[in-house]
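Only one structure is covered here, and it is reproduced in the block below.
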2 protein chains.
Amino acid sequence: MKLINRDVDYAARALTFMARANKPTVSVAQMQEQVGVSGPFLRKIMQKLHKAGIVHAVKGKGGGFAMARNPDKVTLKQLMEVLQGPLRLNDCVFGEKICQRHAACVLRHKIAGIESRLLAEVAAVTIKDLA
Amino acid sequence: MKLINRDVDYAARALTFMARANKPTVSVAQMQEQVGVSGPFLRKIMQKLHKAGIVHAVKGKGGGFAMARNPDKVTLKQLMEVLQGPLRLNDCVFGEKICQRHAACVLRHKIAGIESRLLAEVAAVTIKDLA
DNA sequence: CAGAATGATACCCGCATGGTATCATTAACC
DNA sequence: GGTTAATGATACCATGCGGGTATCATTCTG
Ligand code: FES
Ligand code: FES
């Protein structure tokens with residue numbers, strides 16, 4: 001089981017790079033070597049971050065990306081939500097509709113507790129912490 | 001992201017069923033309806049639990065499975081380890097060999113902390129709790 | 001207008017997950 | 001001893017998805 005996937009991992013590195021760079025904009029070309037991933041792939045990730053409002057983008061020559069908020073306002077949890085969907089550990093293997101046990105299911109209850117504590121932990125990690 | 005997969009889910013239900021049944025052995029045929037899964041599939045799971053020493057098995061007519069330990073000695077963590085491998089949240093996306101940053105990587109550090117706390121939580125949930 | 005950058009999308013591929021089928025083995029019961 | 005009911009072992013299949021590439025459109029600078 002992986003807590004984070006590659007998208008999140010690369011995003012975290014790209015953002016820490018940007019946070020340290022302290023330039024108005026950083027292009028994918030400038031980041032890709034440090035981050036260790038191909039250009040097109042990193043672009044796709046950055047585009048998602050852009051749509052989510054975590055970075056803003058400047059098109060055209062001399063353009064690139066820049067953080068839209070302070071590094072201590074971007075959490076690992078946010079990246080996970082944007083790049084791999086909301087964290088739902090306690091997904092019932094059956095659809096909720098089908099499963100009659102859903103409300104009473106003890107296992108699901110236990111896992112829900114674990115999930116909420118885990119969420120608090122990933123929400124506490126910010127880009128600033130990583131940079 | 002799923003914390004547990006179907007195997008673990010079904011195993012948990014089958015074991016709680018067995019814990020409540022309080023019979024010398026329980027056959028797959030007796031469990032499959034309650035657990036809500038096809039016979040062959042449940043058998044495969046039970047066989048893994050058997051290899052892992054969590055249940056013991058009695059072959060032949062009138063046979064079946066029984067818990068090898070007390071329900072409060074079987075944890076969710078054990079089931080996860082047996083049925084979906086050890087929990088390693090902080091798997092580096094690169095191989096450890098390749099990745100120079102590995103030792104220093106702050107993200108990996110943070111995740112390692114989260115992982116150890118999560119492990120403690122799943123180790124605290126036992127079949128007895130579910131039954 | 002040319003070139004450098006992102007935006008949007010479509011496609012591809014390998015593999016883990018989830019599930020089925022088949023045959024072998026063992027034990028109970030008549 | 002033969003039949004039947006159970007597990008043991010294994011091989012097979014299928015589908016989704018994570019991870020990655022390719023392509024074209026758009027926008028800005030100079
Ligand atoms: S089985 Fe659906 S919630 Fe427990
Ligand atoms: S990138 Fe390999 S450990 Fe951080």
Side-chain angles (χ1 to χ4, degrees), chain A residues 1-11 13-14 18 23-32 35-68 79-80 82-85 88 91-95, chain B residues 1-11 13-14 18 23-32 35-68 80 82-86 88 91-95:
Chain A
M1 201 193 92
K2 281 177 303 186
L3 179 63
I4 63 171
N5 64 11
R6 292 188 177 226
D7 280 12
V8 175
D9 198 315
Y10 292 141
R13 286 191 233 170
M18 290 171 58
K23 292 200 283 183
T25 65
V26 183
S27 76
V28 165
Q30 291 172 300
M31 284 189 284
Q32 62 178 328
V35 174
V37 63
S38 78
F41 193 33
L42 183 53
R43 274 181 58 205
K44 199 167 65 166
I45 296 173
M46 295 309 293
Q47 286 175 10
K48 286 182 189 170
L49 295 181
H50 180 214
K51 275 188 186 168
I54 292 172
V55 300
H56 65 255
V58 179
K59 286 170 90 170
K61 195 169 182 176
F65 296 94
M67 297 200 63
L79 297 184
M80 292 170 66
V82 169
L83 296 172
Q84 53 184 22
R88 280 178 308 174
D91 250 359
C92 178
V93 289
F94 308 117
Chain B
M1 201 192 93
K2 282 178 302 188
L3 179 63
I4 63 171
N5 64 11
R6 289 185 180 230
D7 281 11
V8 175
D9 197 315
Y10 292 141
R13 286 191 232 171
M18 291 171 57
K23 294 200 285 186
T25 64
V26 183
S27 75
V28 165
Q30 291 173 299
M31 283 190 283
Q32 62 179 328
V35 173
V37 63
S38 78
F41 193 33
L42 183 52
R43 273 181 58 206
K44 201 167 64 167
I45 296 172
M46 295 309 294
Q47 286 175 10
K48 286 182 189 169
L49 295 182
H50 179 215
K51 274 189 186 166
I54 292 173
V55 300
H56 66 255
V58 179
K59 285 170 90 170
K61 196 168 182 174
F65 296 94
M67 297 201 62
M80 291 170 66
V82 169
L83 297 171
Q84 52 184 22
R88 282 178 306 175
D91 251 359
C92 180
V93 289
F94 307 117

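What you are looking at is a predicted structure, and each value in this text was computed from that prediction instead of being measured. A note on names: the letters A, B, ... follow the listed sequences, proteins ahead of strands, and every chain is numbered from 1. Every heavy atom of this structure was used, including side-chain atoms; hydrogens, water molecules and symmetry mates were not.
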Just the rounded figure in Å: distance from [atom2] of [N] to [atom1] of [X].
{"X": "R6(A)", "N": "dG20(D)", "atom1": "CZ", "atom2": "C1'", "answer": "10 Å"}
{"X": "K2(A)", "N": "dC17(D)", "atom1": "NZ", "atom2": "P", "answer": "14 Å"}
{"X": "Q32(A)", "N": "dT21(D)", "atom1": "CD", "atom2": "C1'", "answer": "14 Å"}

Inset, instruction - Evaluate the criterion side chain to side chain contact (heavy atoms under 4.5 Å, CB included) for residue pair I45(B) and R6(B); output intermediate values, then yes/no. - result: CA-CA 10 Å; I45(B) 296 172; R6(B) 289 185 180 230; over 6 Å; no
Inset, instruction - Would you name the heavy atoms of V28(B) and G39(B) that are closest together and state the gap between them? - result: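 Nearest heavy atoms, V28(B) then G39(B): CG1-O, 3.8 Å.
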Legend entry - Interface with DNA chain D, restricted to residues 38-57 of chain A and to heavy atoms under 4.0 Å: S38(A), F41(A), K44(A)
Legend entry - Any pair counted as salt bridge (charged side-chain N to carboxylate O under 4.0 Å, His left out), so long as it reaches residues 46-56 of chain B, sequence neighbours left out: D7(B)-K48(B)
Legend entry - Start and end of the DNA chain C segment that chain B contacts, any atom under 4.0 Å from a heavy atom: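 With heavy atoms of chain B under 4.0 Å away, the range is dG18(C) to dA28(C).
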Legend entry - side chain to side chain contact (heavy atoms under 4.5 Å, CB included) evaluation trace for R43(A) with Q47(A): CA-CA 6 Å; R43(A) 274 181 58 205; Q47(A) 286 175 10; 3.9 Å; yes
Inset, instruction - Start with the C-alpha gap between Q84(A) and K2(A), add the side-chain angles, then the distance that decides, and say whether side chain to side chain contact (heavy atoms under 4.5 Å, CB included) holds. - result: CA-CA 11 Å; Q84(A) 53 184 22; K2(A) 281 177 303 186; over 6 Å; no
Atom [atom1] of [X] and atom [atom2] of [Y]: how far apart are they, to the nearest 0.5 Å?
{"X": "I54(A)", "Y": "L79(A)", "atom1": "CD1", "atom2": "CG", "result": "5.0 Å"}
{"X": "S27(A)", "Y": "M46(A)", "atom1": "OG", "atom2": "CE", "result": "10.0 Å"}
{"X": "Q30(A)", "Y": "T25(A)", "atom1": "CD", "atom2": "OG1", "result": "7.0 Å"}

Inset, instruction - Return the 5'-most residue of the pair K59(B), G62(A) with respect to DNA chain C, ranking by each residue's nearest nucleotide. - result: G62(A)
